[in-house]
Amino acid sequence: MGVLLLAFLVWLWISGTKADWLIFVADTRRVSSFILFYFMNLYNTNPTLLAIWVVALTVALGGLAGLAQGVLPPPPMLGKKTSDRS
């Protein structure tokens, strides 16, 4: 337990102070796709709306994958004859 406490205190000591003006910006100068440009501008200007878009697109793609699994037939089993399936 003492080793963990010591490691934590050393980590606090070497971490230093908080970075103040650290900014991440998506560079949109060489983007030719409209949808990529839109999402990069959204990343730069409104991260909350970007998060909402990400969640909505993830749900939509997950739903499409679920529908595809329910509609499409299963792939054939490789290396087995149809009479061997059980």
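Nothing fancy with the numbering, it's 1 onward along the sequence.
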Return yes if some donor-acceptor pair links the side-chain N/O of N44 with the main-chain N/O of V25 below 3.5 Å, else return no. no
Determine whether V3 and F8 fall in the same hydrophobic cluster, where Ile, Leu, Val, Met, Phe, Trp and Tyr are linked whenever their side-chain heavy atoms lie under 4.5 Å apart. no
Answer yes if I35 and L50 sit in the same cluster of Ile, Leu, Val, Met, Phe, Trp and Tyr residues linked by side chain heavy atoms under 4.5 Å apart, and no otherwise. yes
Rounded to the nearest 0.5 angstrom, the CG-CG distance for N41 and L36 is 11.5 Å
Answer with yes or no whether the hydrophobic clustering places L42 together with I52; edges join I, L, V, M, F, W, Y residues whose side-chain heavy atoms lie under 4.5 Å apart. no
Please give me the minimum heavy-atom distance between M40 and D27, naming the atom from each residue. CE-O, 3.1 Å
For L57 against F39, the heavy-atom pair lying closest together: CD1-CZ, 3.8 Å
